[in-house]
Amino acid sequence: MLCSKCKEKAVFLSPKLCKNHFVDYFEKKVFDTIKKFNLLKKNDKVVVACSGGKDSTTVLYLLKKFHGNVVALAIDEGIRGYRDKTLLDLERFCKKHDIELRVHSFKDEVGKTLDRMLKQKNHPCSICGTFRRYLLNKHAKGFDKIATGHNMDDEAQAVLMNLLKGNTGLLWNSNPITRKVKGFVQKIKPLYFCSEKEVAAYVLLKSFEVGFIECPYMEESFRNKVRDVLNDDELKHKCSKLNILNKNLELLKKLDLKRKDFRYCSDCREPSQSRVCKTCQLIKSFK
Amino acid sequence: MKIFIERIQKTIEREFSGKVKDLLKSVDINPNNVLVVRNNELITEEDDVKNSDSVKILSVISGG
């Protein structure tokens, strides 16, 4: 099968493109998202939330290419056999591309690795997500934007999960750029319109040395079930994930959903929806 | 044909000649979840593979 733009062999089916045209198509899509949603201003100081996985590594590479100076910020949750491997990949990548890397760990910052926490409690994704968000925001202070590797699949899953759980107030997070809230560094998602498969193909074609490995705790997550439903549906209805995102963006504009006002945690002074934030509550519960 | 399935870190052998999409169906894998590589080259679901080929099925899902 040939590329729809030239006589070379296609390496991707939808769209039908050869290696060079696919790389151009992918980079243009990311660049267009940055422009269309005004994700970056010329002099923005940008930190990229990195895991060493394919998505955040792609964002790191492309923001360095499009925007110039960026810093990689990684959180080591302490997941043996997973995060230690992906962080090694990230260190090598940053060294090769001359990018500053800052790593902060659950162990140093909240007292325990995720592996150890899970001996006391279940719900790995909820614990991990709470601490990761807290630490990323804390260590991104002083930057204008945190860029994350959220792709189209992640975002469509998030929309569906929030609807299923009735968390409509969280739907505004499913945007290429989050709103400005005092105490939070704004998040941007340059891969918002790139499917997980497109990102993986780009990484493979660019020969980035990242492992395609999954978090060992993922099987237990609600997200995983939603991912399977969406991927099965996409086989029958092309573009269903893209439709979810476009409709969500349209609805958000019309509804203008207001986010609850934030208070500030009485313990750590970070933004919180309750007197003591979820992070401080969790830290106390592990003591 | 030798088929390495990265997600379960296993190589399986089976008789197969035909389209990649039918190969994926035969091992019950959703094409949206994977990339298929033959001789270090990315191939599409519409490409043909021969029984003498050796292919890798790479998971595109990461994170958690």
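For the 3.5 Å distance criterion, the side chains of Asp47(B) and Thr44(B) qualify, holding a donor opposite an acceptor.
Below 30°, between 30° and 60°, or above 60°: for His104(A) and His139(A) the angle between ring planes is below 30°, a parallel geometry.
Proximity to chain B is absent for every atom of Lys19(A), based on heavy atoms less than 4.5 angstrom apart. At a 4.5 Å heavy-atom cutoff, the contact between Asp232(A) and chain B is made by backbone and side-chain atoms alike. Only the side chain of Leu204(A) comes within less than 4.5 Å of a heavy atom in chain B; its backbone stays farther off. With a 4.5 Å cut-off on non-hydrogen atoms, Val36(B) does not touch chain A at all.
Here the side chains of Cys128(A) and Tyr217(A) are not in contact, with every heavy-atom distance at 4.5 Å or above.
Phe22(A) and Tyr25(A) have their aromatic ring centers within a separation under 6.0 angstrom.
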